[in-house]
Amino acid sequence: SGALENLNLSPNPAIEQLQLQFNQLEELAYTLEVYSMAGQLVVQQQYDAFKGANTVILNLDQIRAGFYILRMTNENGEQVSRKFIKSERP
């Protein structure tokens, strides 16, 4: 437990991709969800985390620039949320 507390998002703001990094004490399945500030689910994807350091690349091509909330929930029901910004390409 508490493994999700060390979730890091980078870069933030992000343009094309968001990298999620976290350490895991055991193998667990996760659901990644991205919500707009209006509460609309814009991305949902499953991920199997392994023991140790995990890196997940989230492709942001399909979502508009703006503020979003990333929510990760593991199979034990533990959940963490992080805010991030999707920027336009310069």
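Nothing here was measured: the structure is a model prediction, and the numbers come from that model.
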Apply side-chain contact (heavy atoms from CB on, under 4.5 Å) to residues Ile85 and Asn12 and explain how you reach the verdict.
CA-CA 6 Å; Ile85 300 168; Asn12 190 6; 4.1 Å; yes
With no hydrogens and no angle check, is any side-chain donor or acceptor of Arg71 less than 3.5 Å from a backbone partner on Val80?
no
By salt bridge (charged side-chain N to carboxylate O under 4.0 Å, His left out), which residues pair with Arg64, not counting sequence neighbours?
none
Roughly how far, to the nearest 0.5 Å, is the CD atom of Glu16 from the OG atom of Ser87?
11.5 Å
Report yes or no: does Asn74 contribute a side-chain atom to a donor-acceptor pair with the main-chain N or O of Asn76 at less than 3.5 Å?
yes
CA sep, side-chain torsions, deciding dist, call: Val34, Leu58, side-chain contact (heavy atoms from CB on, under 4.5 Å)
CA-CA 10 Å; Val34 175; Leu58 199 58; 3.7 Å; yes
Tightest non-hydrogen contact, residues Gln45 and Ile57, listed as NE2-O, 4.3 Å
Steps toward side-chain contact (heavy atoms from CB on, under 4.5 Å) verdict (Leu20, Leu7)
CA-CA 7 Å; Leu20 289 57; Leu7 174 64; 4.0 Å; yes
Between Val42 and Tyr35, is there shared hydrophobic-cluster membership here, with clusters defined by ILVMFWY side-chain heavy atoms closer than 4.5 Å?
no
Same hydrophobic cluster for Leu28 and Phe50, using side-chain heavy-atom links shorter than 4.5 Å among ILVMFWY?
yes
Quick check: is Phe22 connected to Ile69 through a chain of hydrophobic side chains (ILVMFWY, heavy atoms under 4.5 Å apart)?
no
Closest heavy-atom contact between Leu18 and Pro11?
CD1-O, 3.2 Å
Donor-acceptor pair, side chain of Thr73 and main chain of Gly77, under 3.5 angstrom:
no
Looking only at heavy atoms, which two atoms of Lys86 and Ile15 are closest? And how far apart?
CE-O, 2.9 Å
Set of residues satisfying salt bridge (charged side-chain N to carboxylate O under 4.0 Å, His left out) with respect to Glu27, sequence neighbours excluded
none
Calculate, to the nearest 0.5 Å, the distance between atoms OG1 and CD belonging to Thr31 and Gln46 respectively.
3.5 Å
Side chains of Asn54 and Tyr30: is there a donor and an acceptor less than 3.5 Å apart?
no
Could you go step by step and tell me if Val43 and Asn59 meet the side-chain contact (heavy atoms from CB on, under 4.5 Å) rule?
CA-CA 9 Å; Val43 175; Asn59 198 326; over 6 Å; no
Does Lys51 use its side chain to pair, donor to acceptor, with the backbone of Gln24 at less than 3.5 Å?
no
Measure the acute angle between the ring planes of Tyr68 and Phe84, then classify it against the limits of 30° and 60° as parallel, tilted or perpendicular.
parallel
Is there side-chain contact between Gln19 and Leu9, with at least one heavy-atom pair below 4.5 Å?
no
Given 3.5 Å as the limit, does a donor-acceptor pair link the side chain of Asn6 with the main chain of Asn23, or not?
yes
In terms of heavy-atom contacts, Met37 and Phe67 come closest through CG-O, 3.3 Å
